[in-house]
Amino acid sequence: MAERYDPSIVEPKWQRYWRDNDTFRTPDAGDGPRAYILDMFPYPSGAGLHVGHPEGYTATDIVARYKRACGVQVLHPMGWDAFGLPAEQRAIETGAHPAETTAANIATFRRQLQMLGFSYDWSREVDTTDPGYVKWTQWIFLELFERGLAYQSEVSVNWCPALGTVLANEEVKDGLSERGDHPVERRPLRQWVLKITEYADRLLEDLAEVEWPNSTRVMQTEWIGRSDGALVRFALEGDAGEAIEVFTTRPDTLFGATFMAIAPEHPLVDRLTTDAARPAVQAYVAAARNKSDRERQQTKEKSGVFTGGYAINPVNAAKVPVWVADYVLYGYGTGAIMAVPAHDERDFGFAKAYGIPIVEVVSPEGPPTEAPLSEPFVAPGFAVRSGKYDGLATAEFKARIIDDLEARGAGERRVEYKLRDWVFSRQRYWGEPIPIYFPVDVPDGGDPRRGAACTIRYDEPIAMRRDELPLRLPELDDYRPGDDPQGVLARATDWRFFERDGRWYARETNTMPQWAGSCWYFLRFTDPHNDEAPWSPEAAARWLPVDLYVGGAEHAVLHLLYARFWHKVLFDAGLVPVKEPFAKLVHQGMILGEVEYTGYRDEAGVWVSAPDVARRDGVPVRASDGATLEEVRLGEAQVHKDADGGFVLEAALAGAATVQVESRAHKMSKSRGNVVNPDDIVRAYGADAMRVYEMFMGPLEATKPWNAGSIAGVKRFIDRVWAVAVRACAQERDGALDEATLRLLHKTIAKVTEDIEAMRFNTAISAMMVLTNELGRLDAPPREAVATLAQLVHPFAPHLAEEVWEALGRAPSVQAAPWPEADPALCEDPEVEVPVQVNGKVRGRVLLPKDAPADVAVAAGRALPTVAAQLEGKTLRKTIWVPGKILNFIAR
RNA sequence: GCCGGGGUGGCGGAAUCGGCAGACGCAGGCGACUUAAAAUCGCUGGUGGUUUCCACAUGCGGGUUCAAGUCCCGCCCCCGGCACCA
């Protein structure tokens, strides 16, 4: 066998073996425990794999290989989330069809993943852009449509005429497009919308059932944003037939409502406005209309204008002035509020700005506060100045007054959500066509494909027949967005319009957003080649739910919420057997670039200490005078850690002054030039080293910086494992397992097993390093121990493990060998070293039998010279003996 | 501002249930092998001191306890998310 371990030969060898022997084929039959272990599938970008991808993929691979060795049937698939803007952008720039670009990128990704030795069942690969997949995405859309969960609506969007597209809020700055500074207008456009709000409560409640990171459950909870409150009607003064409806979570503060505020878009604005107030109100409304939501929220300064109109408070018949104010959002609740400045931050700010009275109706203690409030009191308390309700605690008051309002017909219980229905249309090319068409009215003999004037009856959407799916994308010469808000596909008139039974029809020209394909890919993996159905009931029952789902926290809300929504719809349709798709979720942390030390220097070459540096538009400037500074990348030798804990420049550079420098790792980015390419790492160290390094960096969930030096250390570990194997095999006679080694072996089995189960891969690796170092010290490492080491190492460094296993003369593959079991009797030492303390400070150690009685321990402890010296001349007050843990003498 | 997660050697991190702080690895120092270097192996490795020992050390300040990185109270800083949602 080879003296040196060469991954460039060994790794492709085993990858070939696994492929030729179908080692990782998913068992589609048979009983016994099963596990569905899933990665968030990647968008195959042109840049290829990033070191962040293999982090999560290695974690799931370790679990998958471990589970298989434990006799569990495993589904561990991989695929491509391949619709998306970059491929389309490339098509615009180079003319290459997005499908070609996508295919090339997928080929690169697949090669890179296979090079890393992941145990995916590649026969189950799916690609969201494949017509065979699109067919079923469209099929599910029809399911939503037929259940009334997909509808069309005029939604106000950011339309940019110059770019010919709708922009996301993030792409608009100060009313101009971020790219090109073109004007953007708010325009209502017909969009397809999915009724996710109908599932809001179930999406909320079922979060309790899943084993997910707390942060992600909190984020989804806040995103859904359920508030329980009341709808209250305030009649207009002088017109009892008309009322302003408000939503409030604090109906207990109704007696403190000193004004009302309605959104500028509110339909009652006109009706409420008196002639005297009209010019001011109209000016205010016009100004608000031209501002985007984002701009309106930019300033926390409250603005508004009095309409001149009044409404009547239903609880005390008080006349309440109605204002128009843009801090009231038209899209939430009823677009109107009752304002209670004493008990609401925003209303308080508004009342202060416009001199509106502030009336306390909730007191923290019980009695009313006489002095004017200096800040709003928003916590629960006791009612004051609230008539017959005085003295009631907030919660009780709320329940009572809602009942009373309901009885009088002035209001009712109401639940509101921040969650909005999901705008599901894009005006782009590279997405799934929506399988809907509309009747078209054309004058006799006209042909809309030739540009004949026609009317599309958008109010009569018709679902395609399921046997007509998939609806494929048309070929286009030009993928550029146009000036037609109907989208790029509107230009493909031959595709768009068709005649059937003497009548013209037009296809929907919007496409689905990128999220569509990822909403159900985990279902397709259970039965990826089914032509009759998106998946079979048997396959779904066999594999669902996903037992372990690993992916980035950036998907905490959108993907994970949308996928849950679709899944629940499919559950209601009887198509999936469980209500939640992902039983356990883990987010891998981000991998940052190497730590960088940065110093700052002004134009005169004088160093500026890091705390004195500010940033203006991303450029470093001196905080005191705003002078532009130069960033200087420093080497480790040029800095050292200061007594205060910060890094400072070496005296050779800084002179007498103390100059603090910035020390931190940055996100990997092309522009910063700190991107690490997996291909380079595999070439230099091998796939196993890359895998083990990424797991050894720290806890999976943590954000951590890349460090090129550490990977060399991991490579040394791999070489040491090989060296031990070489020496074990070179022996004429097998080395004997001494008791100490046997005990260590079993402790390591136990530790690695527990750590994999708990996904603490870094400490599992450290335990294997300890075992390897110990075996390396033996003159003749026993083959039995080396074989067990190979089994333990195998989920982490599979190529190395297979090679060692084969060298030991075992039948391939190590994946087929049952996972080793630790003998509990060998995991505990009969004798333990116990620290001996005097007054809580360690003064020595004694070796004692695990269950030594107190008197034996005390005698042994007192016999230690260092302990005796500490006890000299003192009175022993107390002795604490925790068997096997600690011996502590308390003496005065 | 609110919510969530963090802060431990020069660096990444370990300490899983209140019981030896710093496992394992990187960087550093010393040594072996070598003509030499690389590679490899061994030793060393928080800071300070009067160095077989002692003092001080887990962001800062208090507290509980025989014993605190771990529990409690009050702060500071970093990362992520939300941000007029009534």
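Below, chain A is the first sequence line, B the second, and so on; all start at residue 1.
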Dump every N/O contact between nucleotides 53-56 of chain B and the protein below 3.5 Å, one line per pair.
residue: B:rC54; atom: OP1; partner: A:Arg843; partner atom: NH1; Å: 3.3
residue: B:rC54; atom: OP1; partner: A:Gln870; partner atom: NE2; Å: 3.3
residue: B:rA55; atom: OP1; partner: A:Arg843; partner atom: NH2; Å: 3.3
residue: B:rA55; atom: OP2; partner: A:Arg843; partner atom: NH1; Å: 3.1
residue: B:rC56; atom: OP2; partner: A:Lys841; partner atom: NZ; Å: 3.0

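- Without hydrogens or angle criteria, A:Arg226 side chain to A:Glu416 main chain gives no donor-acceptor distance under 3.5 Å.
- In this structure, A:Ser227 reaches the sugar-phosphate backbone alone: every heavy-atom distance under 4.0 Å involves primed, P, OP1 or OP2 atoms, never a base.
- When both distances must be under 3.5 Å, the Watson-Crick or G-U wobble mate of B:rA15 does not exist.
- Taking 90° from 0 as the syn/anti boundary, the base of B:rC24 is oriented anti.
- Across the strands present, B:rA37 finds no partner; the criterion is a Watson-Crick or G-U wobble pair with both atom distances under 3.5 angstrom.
- Under the Watson-Crick or G-U wobble criterion, with both distances below 3.5 Å, B:rG4 is paired with B:rC79.
- Taking syn as a glycosidic angle within 90° of 0, B:rG9 qualifies as syn.
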Distances under 3.5 Å between protein N/O atoms and the N/O atoms of nucleotides 9-14 of chain B, please, pair by pair.
residue: B:rC11; atom: OP1; partner: A:Lys641; partner atom: NZ; Å: 2.8
residue: B:rG12; atom: O2'; partner: A:Met697; partner atom: O; Å: 2.6
residue: B:rA14; atom: OP1; partner: A:Asn762; partner atom: ND2; Å: 3.1

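- Dashed line: the shortest gap from a side-chain N or O of A:Arg716 to OP1 or OP2 of B:rC26 is under 4.0 Å.
- Look at B:rU70: it lacks any Watson-Crick or wobble partner with both distances under 3.5 angstrom.
- A parallel orientation is assigned to the rings of A:Phe350 and A:Phe259, their planes being inclined by less than 30° (bins at 30° and 60°).
- One can find a donor-acceptor pair under 3.5 Å joining the base of B:rC84 and the side-chain atoms of A:Lys302.
- Ring-plane geometry between A:Phe397 and A:Phe255 is classed as tilted, the angle between the planes lying from 30 to 60 degrees on a 0 to 90 degree scale.
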**OP:** Going 5' to 3' through nucleotides 1-7 of chain B, assign each nucleotide B (protein heavy atom under 4.0 Å from a base atom), S (under 4.0 Å only from sugar-phosphate atoms) or - (no protein heavy atom that close).
**Re:** --SSS--
